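Here's the structure, in structure tokens; my notes come after.
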Amino acid sequence: MALAPLLPLSLAPLLASVQEPIPAAFERGSTVEAEVPAPAPILPLPSGPQLAWHELEYYAFVHFNMNTFTDEEWGHGTESPNTFAPSELDCHQWVRVAKEAGMKAVILTAKHHDGFCLWPSDVTEHDVASSAWRDGQGDVLAELAEACRAEGLKLGLYLSPWDRAEPSYGDSDAYNQHFAAQLTEILTRYGPVFEVWFDGACGEGPNGKRQEYDWDLFERTVHQHQPDAVIFHGGRPDLRWIGNERGIAGETNWNPYRSAEYFVGTAERPSELNVGHEDGDAWIPGEADVSIRPGWYYHQSEDDRVKNLDQLLEIWYGSIGRGANLLLNFPVDRRGLVHEHDAAAVAGLRSAIDAILAEDLAAGRKATSEQTRGGDDGPFAASNVTDGDPATFWAARDEMTSGTIEIALGRPSPVDHVEIGEHLPLGQRIKRFSVQCRTVDGWTTVAQGTTVGGRRIVSFPAVMANRIRVVVEDARAAPTISHVAVHSGPPRLEIFADRTAFLDETEAYLSADRDGAAIHYTVDGSKPDRDSPRHEGGPIAIDRDTVLRAVAYEGDRRSLAVAEETFRRFDPASVRPPR
Ligand code: FUL
């Protein structure tokens, strides 16, 4: 498909607005401020809707449609509308689960590849109006829109271009008109829509129907009815797929992307989608989608295969922690509810994140930099990164492509997470950074990384530090940073052992990442807590089959995961000498 070079939407108003970032200090009227204009933006830049999207960070996907009732992932389009029959549909429950998890929006599969519409559509009979469910009066989109309004979450809609039920599919113009009519219905009847998700999948195969999508028409339709919405996929996308369905962005994650290459085999370019392009001409940030279970749709057989806390945390670090947005899917069940196991898992993730981010040791602390544009008394002072105001930011002098910010933390504290955020309205700049902590041994590098973007979270074994430095080692232009936060998460614990399969006896060591943590353990596989034996140091002798499990406490805070190791003893008599 030929693509016109992509420019960020409404670039002109944005360029105008970035000329006047109006940091708070400007209003005080010092002469220095008047002499220090804002840094020039570096292209490409995000559009207004894209900037608003970056702030959402974390939202729910809901796969709920015909497949829920047929135990399928891809339906056929031949299913009877009566098969869609939730027994206790409650969209308020979905939205409450999402909100309590810290999510800001919900995106629902209004129509999946089988073509069944969860709203009464005027242009097809393959919809809820033709179903016996609620005597054909049901409308899932209306119910979800109402629930989102009530709870203050945004609504997004997934509409599959590939449609296996619609007879006009494959007959280009007629189907394009049909699809645009459906888009118009869902974008005009349910209030504001923040994101429209066009799935790229098509399983027709080489001998199947072929449909040329009229992306221009679809985009015009979105822009006409929902000018603030961002489009996932499509001819000139606002957002890109992150290149895998594991929810993991690249270590390096550029928001810029080469627009002319976007459709050159999207499926064959997962690694580029994952990483983006440092020299990209268009702002097309990555959205990381992943299901909380193996499937996108509900299958009872997966009730006990919900991702555990370790897996969910890995996704959180790998997506939000690398500057991507996270779209976490709930396969809503046949009742029409988020299953209890899924709700508990996502609530557990929320508690873990809260525990990690509980306190920002840098908040309000003095920060300094020798490279500050206009000096640290000016509008781009280093202390802007700790003032809690996302609109103010530190900027280095024009000629710099590196720079260091140093923050005094006050008392020495255990530090194990640092968050950094660039000021995205002026473009993504940082190519390489490191984090240093001042410990009793002097300055130590605790983390290194490449891109930063809107939010980068680095995690490392705790060190006692009283100062930290964020070092920008290389950048596309003078770096900007709007936000640095420093955290001390719950203690972490590891089990070390020479051998986990042994003949007579072996030893295990337990080690927490900070002094003074109390370690408790069990050797019978039971869940350890404060009442379990306390580990007083030294090795634990193991002379039989053992499941060693341990947790660490620091005051009220407990390590997030239970450390676990399985030891297996072989009977010497059963071990044959080598021949
Ligand atoms: C894919 C689809 O084929 C899956 O069924 C699911 O909807 C996923 C989010 O996108 O392309």
Side-chain angles (χ1 to χ4, degrees), residues 58-79 84 94 98 103 105-118 140-141 144 155-166 169 179 182-183 186 194-205 208-209 211 213 215 218 230-235 237-249 262-263 265-270 273-274 286-299 301-302 305 307 315 318-319 324-333 338 342:
Y58 182 32
Y59 37 93
F61 217 175
V62 171
H63 273 65
F64 175 64
N65 205 304
M66 190 58 85
N67 295 330
T68 312
F69 301 90
T70 54
D71 221 6
E72 299 259 19
E73 281 290 316
W74 279 8
H76 305 275
T78 48
E79 298 82 3
F84 181 83
W94 311 356
M103 295 171 163
V106 181
I107 300 182
L108 171 65
T109 49
K111 177 183 87 164
H112 203 248
H113 311 323
D114 57 76
F116 187 74
C117 300
L118 293 184
V140 186
L141 266 55
L144 178 60
L155 173 70
L157 294 171
Y158 166 119
L159 196 70
S160 169
W162 181 35
D163 186 325
R164 304 181 89 176
E166 171 52 35
Y169 184 87
F179 190 78
Q182 291 195 323
L183 252 185
I186 65 171
F194 86 99
E195 177 169 334
V196 181
W197 220 90
F198 291 139
D199 196 323
C202 176
E204 288 290 326
K209 296 180 182 176
Q211 172 69 39
Y213 297 125
W215 291 117
F218 304 162
V230 283
I231 299 175
F232 175 92
H233 208 279
D238 296 314
L239 312 174
R240 72 176 197 267
W241 182 49
I242 208 65
N244 62 64
E245 291 185 338
R246 292 179 290 108
I248 304 289
Y262 189 76
F263 270 98
T266 305
E268 289 89 49
R269 294 181 161 247
L273 290 164
N274 201 233
E287 182 186 77
D289 64 333
V290 58
S291 187
I292 198 161
R293 295 172 175 225
W296 292 101
Y297 277 97
Y298 179 75
H299 309 288
S301 58
E302 294 181 351
R305 299 185 62 196
K307 292 190 167 59
I315 290 168
S319 55
N325 279 12
L326 173 57
L327 177 58
L328 180 63
N329 179 65
F330 298 109
V332 159
D333 66 17
V338 176
D342 308 37

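Whatever order the structure lists ligands and atoms in, that order sets their numbers, starting from 1. Everything quoted here is computed from the prediction, not taken from an experiment. When a residue number appears, it is its place in the shown sequence, counting from 1.
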Output field: ring centroids F198/Y213 closer than 6.0 Å: no
Ring center gap for F116 and F69 short of 6.0 angstrom: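 No, too far apart.
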Using distance alone, determine whether [X] and ligand 1 share an N or O pair under 3.5 Å.
X: D289; answer: no
X: E73; answer: no
X: D199; answer: yes

Closer than 3.5 angstrom, by distance alone: can the side chain of [X] be matched with the main-chain N or O of [Y] as a donor-acceptor pair?
X: D163; Y: Y169; answer: no
X: N244; Y: G247; answer: yes
X: D71; Y: H299; answer: no
X: D289; Y: E245; answer: no
X: E287; Y: N325; answer: no

Protein contact of atom 7 (O) of ligand 1 - nearest heavy atom, named by residue and atom, plus distance: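 Here the closest protein heavy atom is H63 NE2, 2.7 Å.
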Closest protein heavy atom (residue, atom, distance) for atom 4 (C) of ligand 1: H112 NE2, 3.8 Å
For [X], atoms of ligand 1 separated by under 4.0 Å from a heavy atom:
X: E245; value: 1 (C), 8 (C), 10 (O)
X: H113; value: 2 (C), 3 (O)
X: A201; value: 3 (O), 11 (O)
X: Y158; value: 7 (O)
X: F61; value: 9 (C)

Option passing side chain to side chain contact (heavy atoms under 4.5 Å, CB included) with K111 (candidates W162, F179, Y158):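 Among the candidates, only F179 passes.
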Ligand 1 contact by W74, heavy-atom criterion under 4.0 angstrom: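 Yes, W74 has a heavy atom closer than 4.0 Å to ligand 1.
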